[in-house]
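Reviewing the structure listed below.
Start at 1 and go down the list; that is how both ligands and their atoms are numbered.
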Amino acid sequence: MYVYLNDRLVPVSDAKVSVFDHGFLYGDGVFETMRVYDGVVFMLNEHLYRLYRSASMIRLDISFDPDFIKKAIYETLYANKLRNAYVRVTVSRGYGSVGLDTELCKEPTFVVIAEEFKEYPESYYRGGVKVIVAKTRRNHKDALNPQIKSINFLNNILAKIEAKEKGAYEAIMLNSEGRVAEGTISNVFFVKEAGAIRESPLLCTPSKDAGILDGITRGIAINLAERDSIMVNEGSFTPEDLYSALEVFLTNTTMEIIPVCQVDNVRYSVGSVTKLLHEAYRKVVKDYVTSNKLSSLKGRR
Ligand code: PDD
């Protein structure tokens with residue numbers, strides 16, 4: 001297995017980072033997770049845009065351009081002969097002596113890891129996953145903004161520990177006002193019944209103001225719902241709103257759209273909106289992969 005480290009591919013046994021790296025010492029850095037379908041990195045530009053946005057929010061200057069990162073990702077995929085993969089790009093503040101001053105680090109450390117994608121069990125999509133509402137609250141956006149995809153993941157890890165202790169797959173975190181924010185590695189959606197005035201169900205998801213990472217999958221799910229004339233409410237919601245929902249689902253790059261069958265003690269069946277959006281999502285992926293393959297073929301001619 002090969003890993004891209006700084007400026008080159010190295011065998012995994014040589015892929016070593018210093019104990020003085022500020023990523024290790026302070027969790028000072030940013031990352032992105034991407035999914036590769038049939039050799040194509042899905043939503044690559046969007047992920048790179050977010051990587052640079054996260055970096056700029058922590059005043060980390062990624063000294064190289066997005067084309068270099070794209071090349072590094074594809075070289076890592078080719079070197080490992082991967083067509084369906086999980087890709088993680090990490091940029092840390094880099095090597096420097098102990099201390100919080102970012103100027104102690106002269107150059108960021110850059111790593112690309114690519115691994116064979118392990119499919120989620122089909123039963124997750126058919127029957128849904130169990131989640132809990134965690135006691136651990138999401139970082140306040142004025143403390144450490146969840147829009148920064150930071151390698152300091154302790155907040156999420158603490159909530160994940162709670163989920164595991166309760167035999168749940170994911171934990172939904174509330175913000176400091178007790179409003180629903182997001183999962184530890186996912187965004188959350190729920191469907192409300194059509195009311196007396198509304199004819200179609202309403203799809204709800206916490207707004208960016210709730211203090212969340214604005215997931216790329218979340219954005220696609222919202223666009224697909226709107227395209228299919230499903231009304232979307234990006235708002236502020238309580239756990240009770242979740243408990244009284246008809247359907248609940250989670251989104252992220254690797255899981256796509258995964259139904260939830262239980263939040264705490266409340267059960268849900270996998271509903272039609274979740275199924276419709278997941279099918280539509282898979283079509284978006286298929287079209288994206290086809291058109292990106294075509295454009296790379298044209299580029300080679
Ligand atoms: N996690 N919220 C959090 C806290 C996340 O960590 C993620 C992604 C998301 C969903 O974002 P997207 O749809 O862009 O993947 C929401 C990735 C998958 C990870 O932690 O590896």
Side-chain angles (χ1 to χ4, degrees), residues 23 27 29-37 41-54 57 73 84-91 111-120 124 129 131-134 136-141 143-163 169-175 179-190 205-225 234 248-258 260 274 277-278 280-282 284-285 288:
V30 294
F31 79 103
E32 277 297 319
T33 297
M34 294 161 229
R35 186 165 165 183
V36 182
Y37 297 88
V41 185
F42 185 56
M43 296 285 154
L44 178 54
N45 287 334
E46 289 73 6
H47 282 283
L48 292 186
Y49 174 82
R50 194 169 63 186
L51 183 76
Y52 282 86
R53 185 188 75 182
S54 296
M57 288 171 87
I73 293 173
N84 292 293
Y86 158 96
V87 168
R88 173 166 163 141
V89 174
T90 308
V91 187
V111 175
V112 180
I113 297 171
E115 285 180 337
E116 182 77 39
F117 187 75
K118 289 185 209 80
E119 290 289 343
Y120 289 86
Y124 287 11
V129 295
V131 310
I132 58 151
V133 175
T136 307
R137 295 286 169 98
R138 190 71 176 112
N139 286 326
H140 192 288
K141 58 182 191 298
L144 178 56
N145 194 333
Q147 284 204 325
I148 303 168
K149 205 162 160 53
S150 136
I151 60 174
N152 189 324
F153 233 52
L154 259 186
N155 180 217
N156 316 46
I157 290 168
L158 291 176
K160 176 74 181 179
I161 290 170
E162 287 185 51
Y169 177 74
E170 172 65 307
I172 293 170
M173 303 168 84
L174 307 178
N175 64 20
R179 299 283 165 153
V180 178
E182 61 181 335
T184 64
I185 55 159
S186 61
N187 292 113
V188 60
F189 285 77
F190 61 95
T205 194
S207 70
K208 290 176 202 167
D209 287 341
I212 59 166
L213 178 73
D214 43 342
I216 290 164
T217 323
R218 172 185 179 275
I220 299 172
I222 291 172
N223 286 340
L224 288 172
E234 290 181 66
V248 180
F249 64 83
L250 306 172
T251 61
N252 90 8
T253 294
T254 54
M255 57 174 78
E256 304 175 335
I257 293 179
I258 227 160
V260 168
T274 309
L277 290 178
H278 194 202
Y281 184 86
R282 288 205 157 151
V284 169
V285 171
Y288 183 96

Pair Thr251-Glu256, side-chain donor/acceptor within less than 3.5 Å: no
Gly215: numbered ligand 1 atoms lying under 4.0 Å from its heavy atoms: 11 (O), 12 (P), 13 (O), 14 (O)
Any donor-acceptor N or O pair under 3.5 Å, side chains Asn252, Thr254: yes
Nitrogen or oxygen atoms of Thr33 and ligand 1 under 3.5 Å apart: yes
N/O separation below 3.5 Å, Thr251 to ligand 1: no
Asp214 near ligand 1 by a heavy-atom separation under 4.0 Å: no
N/O separation below 3.5 Å, Arg50 to ligand 1: yes
Nearest option to atom 12 (P) of ligand 1, as decided by whichever heavy atom of Val188, Thr253, Thr184, Asn187 sits closest: Thr253
4.0 Å heavy-atom contact, Glu46 with ligand 1: no
Test item: Thr217 side-chain N/O and Thr253 main-chain N/O as donor-acceptor pair under 3.5 Å: yes
Contact check: His47 vs ligand 1, nitrogen or oxygen atoms, below 3.5 angstrom: no
For Asn156, atoms of ligand 1 separated by under 4.0 Å from a heavy atom: 4 (C)
Side chain Glu32, main chain Thr90, donor-acceptor under 3.5 Å: no
Lys149 N/O under 3.5 Å from ligand 1 N/O: yes
Between Phe117 and Tyr37, ring centroids under 6.0 Å: no
Region of Pro146 engaging ligand 1 - heavy atom pairs below 4.0 Å: neither
The one among Asn155, Ile257, Ile185, Ile220 that brings a heavy atom closest to atom 7 (C) of ligand 1: Ile185
Protein contact to atom 2 (N) of ligand 1 [nearest heavy atom, distance to 0.1 Å]: Glu182 OE1, 2.6 Å
Short side-chain to backbone donor-acceptor contact, Thr205 and Val188, under 3.5 Å: yes
Shortest non-hydrogen contact from Ala210 toward Val180: CB-O, 3.8 Å
For atom 13 (O) of ligand 1, closest protein heavy-atom neighbour: Thr217 OG1, 2.6 Å
Structural part of Phe153 in contact with ligand 1, heavy atom criterion under 4.0 angstrom: side chain
Glu162 side-chain N/O to Thr136 backbone N/O, donor-acceptor pair under 3.5 Å: yes
Check ion pair Asp214-Arg53 (N to O, under 4.0 angstrom): yes
Atom indices of ligand 1 within 4.0 angstrom of Asn252 heavy atoms, with elements: 10 (C), 13 (O), 15 (O), 18 (C)
Asn175 and Arg137 side chains, donor-acceptor separation under 3.5 Å: no
